[in-house]
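Chain A is the first sequence line, chain B the second, and so forth, proteins listed ahead of strands; every chain is numbered from 1.
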Protein chains: 2
Amino acid sequence: MQEGTGKWYGYCMVTNKKIILQTDPFDNNCPSRRALDLISDKWTSLIIYLLSDGPQRYTQLKRQIGGISQKMLTQTLRKLEEEGLVTRTVYPTAPPSVEYALTPLGETLLEPLVRLLEWAQTFGLQMRSPASEAV
Amino acid sequence: MQEGTGKWYGYCMVTNKKIILQTDPFDNNCPSRRALDLISDKWTSLIIYLLSDGPQRYTQLKRQIGGISQKMLTQTLRKLEEEGLVTRTVYPTAPPSVEYALTPLGETLLEPLVRLLEWAQTFGLQMRSPASEAV
DNA sequence: GCTTATAGTAACTATAAGAGAGTATCTATC
DNA sequence: GATAGATACTCTCTTATAGTTACTATAAGC
């Protein structure tokens with residue numbers, strides 16, 4: 001990687017090729033940094049995963065994601081909607097029913113996220129546990 | 001994905017195969033959730049990327065990551081060290097010199113992270129810009 | 001008429017992040 | 001010999017973000 005040039009490159013371990021990035025994730029105002037910040041969030045990736053199966057309703061999502069608050073679920077969904085990764089459809093039924101679904105753009109995020117989850121599953125167990133700190 | 005069973009599965013878009021996850025990222029206490037939380041952090045991925053080139057010193061990292069504070073850099077590096085993804089080597093030279101490097105475990109994280117950055121680069125530009133909100 | 005469900009909002013508190021000054025050690029400069 | 005500069009931090013204070021709890025509107029069901 002180059003320092004101070006604003007242009008970044010690195011090796012892609014998958015294709016074993018050097019990749020050139022036109023955008024600079026180390027710059028706060030770059031779209032790639034914004035995209036990275038969006039998914040560098042405690043809940044975003046989990047929501048995207050859940051929606052990979054098809055549209056889901058608010059309460060359905062809430063039940064599945066352990067520890068998420070209503071506020072954070074709403075906030076994260078609105079952010080994803082704003083960024084164009086998720087659609088929000090309101091059905092004006094008696095108790096209102098709202099369905100969230102991935103947009104085509106949102107679906108493109110699935111592949112890298114699944115890779116990350118595969119990593120978390122395979123290598124997460126090798127990480128030191130918080131218990132070892134407590135001793 | 002199944003609801004309420006604690007076991008999660010999904011499709012891997014890369015291999016086009018259904019993947020079974022022995023661990024449950026939707027559970028706060030699961031190692032996979034911990035691994036996910038670790039990288040769902042504003043600075044971790046950028047630091048890991050920078051270290052993919054080889055060991056780097058504290059100030060070198062700071063210079064390259066736009067907008068990171070000393071506190072957050074120290075904090076994130078310590079966390080990565082604790083989790084076993086990064087090593088910290090102190091050389092007792094005149095002004096002390098500290099070198100940070102990826103562990104083999106840290107290197108396994110490079111591949112999924114590069115995928116994510118590739119996504120951020122390719123699709124990040126399609127996301128709605130914050131400017132459109134300001135109108 | 002009371003309870004339950006949905007999809008939230010509002011107000012408040014707790015935690016985390018960011019800004020900026022300060023620290024120890026040695027080198028180099030004036 | 002005093003002063004400044006570099007490295008790799010830490011400490012304190014302020015601000016921002018996340019989390020908690022209570023509350024709302026509407027209709028169905030008992």
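Residue T93(B) is classed as having no contact, given no heavy-atom separation below 4.0 Å to the nucleic acid.
The backbone N or O of A101(A) lies less than 3.5 Å from no partner atom in the side chain of Q56(A), so there is not a single donor-acceptor pair. A donor-acceptor pair under 3.5 Å is absent between the side-chain atoms of S32(A) and the main chain of A120(B), judged by distance alone.
Counting heavy atoms from C-beta outward, W43(A) and L73(A) have side chains that stay 4.5 Å or more apart.
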Footprint string (nucleotides 8-20 of chain C, 5' to 3'): B base within contact, S backbone only, - free, heavy atoms under 4.0 Å = BB-------BBB-
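Distance CG (D37(B)) to P (dA18(D)): 13 Å, rounded to an integer number of Å. Rounded to whole Å, the distance from NZ on K62(B) to C1' on dC9(D) is 12 Å. Distance I65(A) CD1 to dG19(D) C1': 15 Å, rounded to the nearest Å. In this entry the distance linking CD of Q60(B) with P of dA8(D) reads 9 Å, nearest Å. If you take CD of Q56(B) and P of dT7(D), they are 14 Å apart, rounded to a whole angstrom.
Salt bridge absent: R88(A) and E99(A) never bring a charged side-chain N and a carboxylate O closer than 4.0 Å.
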ask   = Step by step, would you call L46(B) with F26(A) a side chain to side chain contact (heavy atoms under 4.5 Å, CB included)?
value = CA-CA 7 Å; L46(B) 295 173; F26(A) 295 99; 3.7 Å; yes
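For T59(B), a side-chain nitrogen or oxygen approaches OP1 or OP2 of dA8(D) to under 4.0 Å. A sub-4.0 Å separation between OP1 or OP2 of dT7(D) and a side-chain N or O of R57(B) is absent.
Between the side chains of T74(A) and Y58(A), at least one donor N or O lies within less than 3.5 Å of an accepting N or O.
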